[in-house]
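What follows is a single structure, and I will ask about it in a moment.
Order of the sequence lines fixes the chain letters, A, B, ..., with proteins taken first and strands second; residue numbering starts at 1 for each chain.
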2 protein chains.
Amino acid sequence: MLSNSSKYAIKAVLFLALNSSEENKIRVKEIAEPINVPQAYIAKLLQDLSRENIISSLRGPKGGFYLTNENKNNSILNIIVVIDGDKKLKACMLSLDKCNETNPCPLHDMLNNSRDEILKKLKHKTIKDLALSVKLGKSFLPL
Amino acid sequence: MLSNSSKYAIKAVLFLALNSSEENKIRVKEIAEPINVPQAYIAKLLQDLSRENIISSLRGPKGGFYLTNENKNNSILNIIVVIDGDKKLKACMLSLDKCNETNPCPLHDMLNNSRDEILKKLKHKTIKDLALSVKLGKSFLPL
DNA sequence: TCTTAAATATGATTTTTGTCATATATTTTT
DNA sequence: AAAAATATATGACAAAAATCATATTTAAGA
Ligand code: FES
Ligand code: FES
């Protein structure tokens, strides 16, 4: 469902949401270790996210990655779309060209409602929402 | 969510459910074309399914693949597990080692219900069920 | 202005997944 | 018993995803 890369990206963005701010930027090295992802790999993903304005960055000494308030209002879906593209999540379960109600594949009726549920939730839940849930101790980020 | 391979496998098994029987075996060549999958590739998948008794086969002249009634009672999930393994579907959305209610990752509460729904449906829906839905014109198999 | 610390761009390498090819074993037919 | 038609086993090859490496650009600070 989610690629390895987008899982990593979500973890990194959440980490930034919890630990960074415009005044407190975080170097890639300091992100990679706590979220347990190879540094060179997460660096590339962060660059993709930065290019698409999901996160913010500044280079040079005292530089690093951080989230503005605006960044924090991005949905989780946005992260996934930047990293994986938008085809994966919406594609038919059996790879029919067009997935719709009038020409459903045998799995469509069984699975499409749940799939749409997930999509809707990913679209409406923001970085800020999830960061709050961690802050309140309702969920946990991996070491 | 589903690998390409398991999509192919489901299509092939459904095709067999609709067109084969113990008295009417179907050669791999005759399966590959209508479901639009390379012959050598679907052959390998069918062998995996046969080895795990999801489908039946007989070699030699007049041989081929077919489904017994018992085969038709297999769940869709069984097909997926044989082809993809059981880790993919059950894994945590953020790849935490253990995915459970007491130590949820930030996506768990949001997505786990829908995910379990899907799992449950895949587990209970049988080959026979889906074949019937196609037979009744409620869903369609790709050319 | 020079040095240094950081992100960025680019691409090489490795691993996994998907695809193709071929030699072998089994069953039926003659 | 021999020949033919089929699945089976095995592995080679290709494409995609994940991982690693390095040279370049930018900003801060001395
Ligand atoms: S047509 Fe296959 S999931 Fe919609
Ligand atoms: S802990 Fe991540 S989905 Fe359950």
Side-chain angles (χ1 to χ4, degrees), chain A residues 1-13 16 20 22-33 35-67 71 80 82-85 87-88 91 95, chain B residues 1-13 16 20 22-33 35-67 71 80 82-85 87-88 91 95:
Chain A
M1 173 119 78
L2 300 188
S3 72
N4 230 323
S5 293
S6 53
K7 290 180 180 186
Y8 289 171
I10 292 170
K11 285 205 290 184
V13 171
L16 285 173
S20 84
E22 191 135 10
E23 304 78 39
N24 183 25
K25 308 187 184 65
I26 303 190
R27 283 163 290 170
V28 58
K29 190 184 189 173
E30 296 164 338
I31 301 174
E33 200 216 347
I35 68 173
N36 210 27
V37 174
Q39 171 170 341
Y41 192 32
I42 196 64
K44 182 175 274 192
L45 297 176
L46 289 171
Q47 285 159 28
D48 292 340
L49 294 169
S50 177
R51 197 176 311 116
E52 299 293 329
N53 295 110
I54 307 290
I55 68 179
S56 304
S57 66
L58 184 72
R59 37 186 171 181
K62 304 294 274 177
F65 295 95
Y66 62 100
L67 298 191
N71 289 149
I80 298 169
V82 165
I83 302 296
D84 285 349
K87 279 165 293 187
K88 296 241 174 55
S95 297
Chain B
M1 175 117 78
L2 301 189
S3 73
N4 230 323
S5 292
S6 54
K7 291 180 179 186
Y8 288 172
I10 292 171
K11 286 206 289 183
V13 171
L16 285 173
S20 83
E22 193 135 9
E23 304 79 39
N24 183 25
K25 308 186 184 66
I26 304 191
R27 284 164 288 170
V28 59
K29 190 185 192 173
E30 295 163 339
I31 301 174
E33 200 216 345
I35 69 172
N36 209 28
V37 173
Q39 170 169 344
Y41 191 31
I42 196 65
K44 182 175 274 191
L45 298 176
L46 289 170
Q47 284 158 30
D48 292 341
L49 294 169
S50 177
R51 196 177 312 114
E52 299 293 330
N53 295 110
I54 307 290
I55 68 179
S56 304
S57 66
L58 185 71
R59 38 186 172 181
K62 303 294 273 177
F65 294 95
Y66 62 100
L67 298 190
N71 289 149
I80 298 169
V82 165
I83 303 295
D84 286 348
K87 279 164 293 186
K88 295 242 174 56
S95 297

Send over the distance from Q47(B) CD to dT6(D) P, rounded to a whole Å.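 About 15 Å, once rounded to whole Å.
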
Correct closest heavy-atom pair for L16(B) and F65(B) would be CD2-O, 3.8 Å

Determine whether the side chains of Y8(A) and S95(B) contain a donor N or O and an acceptor N or O closer than 3.5 Å. no

Looking only at side-chain atoms of P61(A), point me to the closest of dT4(C), dA5(D), dT8(D). dT4(C)

Exercise: identify the closest heavy-atom pair between I35(A) and K11(A):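 Shortest heavy-atom contact: O-NZ, 3.0 Å.
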
Tell me: CG of L49(A) to C1' of dT8(C), nearest whole Å?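 Whole-Å distance recorded here is 14 Å.
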
So what does L46(A) touch, heavy atoms closer than 4.0 Å: a base, only the sugar-phosphate, or nothing?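 Nothing, no heavy atom under 4.0 Å.
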
Rounded distance (Å) that lies between atom P of dA16(D) and atom NZ of K88(A):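 Whole-Å distance recorded here is 11 Å.
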
How close do S56(B) and N71(B) get, counting heavy atoms only, and between which atoms?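 The pair with the smallest heavy-atom distance is OG-OD1, 2.6 Å.
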
Is there a donor on the side chain of K44(B) or the base of dG11(D) sitting less than 3.5 Å from an acceptor on the other?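 When only heavy-atom distances are counted, K44(B) does reach the base of dG11(D) through a donor-acceptor pair under 3.5 Å.
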
Between CG of L2(A) and CE of M1(B), what distance do you get to the nearest 0.5 Å? 10.0 Å

Please tell me if the side chains of I80(B) and I10(B) come closer than 4.5 Å, counting only heavy atoms from C-beta onward.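 Yes, side chains in contact.
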
Check this one for me: any side-chain N or O of S57(A) less than 4.0 Å away from OP1 or OP2 of dT8(C)?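 Indeed, a polar side-chain atom of S57(A) lies that close.
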
Tell me the interatomic distance from R59(B), atom CZ, to dA3(D), atom C1', rounded to whole angstroms.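 R59(B) atom CZ is separated from dA3(D) atom C1' by 17 Å.
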
Return the residues of residues 23-31 of chain B meeting this criterion: a heavy atom under 4.0 Å from some atom of DNA chain D. Order them by number, or give none. I26(B), R27(B), V28(B)

Quick check on DNA chain D: between D84(A) and A43(B), whose nearest nucleotide comes earlier from the 5' end? A43(B)

Looking at R51(A), does any N or O in its side chain come under 4.0 Å of the phosphate oxygens OP1/OP2 on dA9(C)? yes

Those residues of residues 1-11 of chain B lying under 4.0 Å from DNA chain C by at least one heavy atom: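 Residues of residues 1-11 of chain B under 4.0 Å from DNA chain C: S3(B), N4(B), S5(B), Y8(B).
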
To the nearest 0.5 Å, what is the distance between CG on D48(B) and CD1 on I55(B)? 9.5 Å

Using atom CG of L45(B) as one end and atom C1' of dA7(D) as the other, report the distance to the nearest whole Å.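 For the pair L45(B) CG and dA7(D) C1', the rounded distance is 14 Å.
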
Nearest-Å distance for atom pair CG/C1', residues D48(A) and dA17(D):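 After rounding, the reported distance stands at 13 Å.
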
Of the listed nucleotides (dC20(C), dT27(C), dT8(D)), which one gets closest to any side-chain atom of P38(B)?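 The closest nucleotide is dC20(C).
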
Quick one: I55(A) CD1 to dA7(C) P, roughly how many Å, whole number? 10 Å

Atom-pair distance (OH on Y41(A); C1' on dT15(C)), nearest Å: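 Distance check: Y41(A) OH to dT15(C) C1' gives 12 Å.
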
Heavy-atom pair with the smallest gap, counting every atom of K25(A) and K62(A):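 Between these two residues, the closest heavy atoms are CD-O, 3.8 Å.
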
Heavy-atom closest pair (I83(A) atom, S5(A) atom, distance to 0.1 Å) is CG2-CB, 3.5 Å

What is the minimum heavy-atom distance between S50(B) and S57(B), and which atoms define it?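 Nearest heavy atoms, S50(B) then S57(B): OG-OG, 3.1 Å.
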
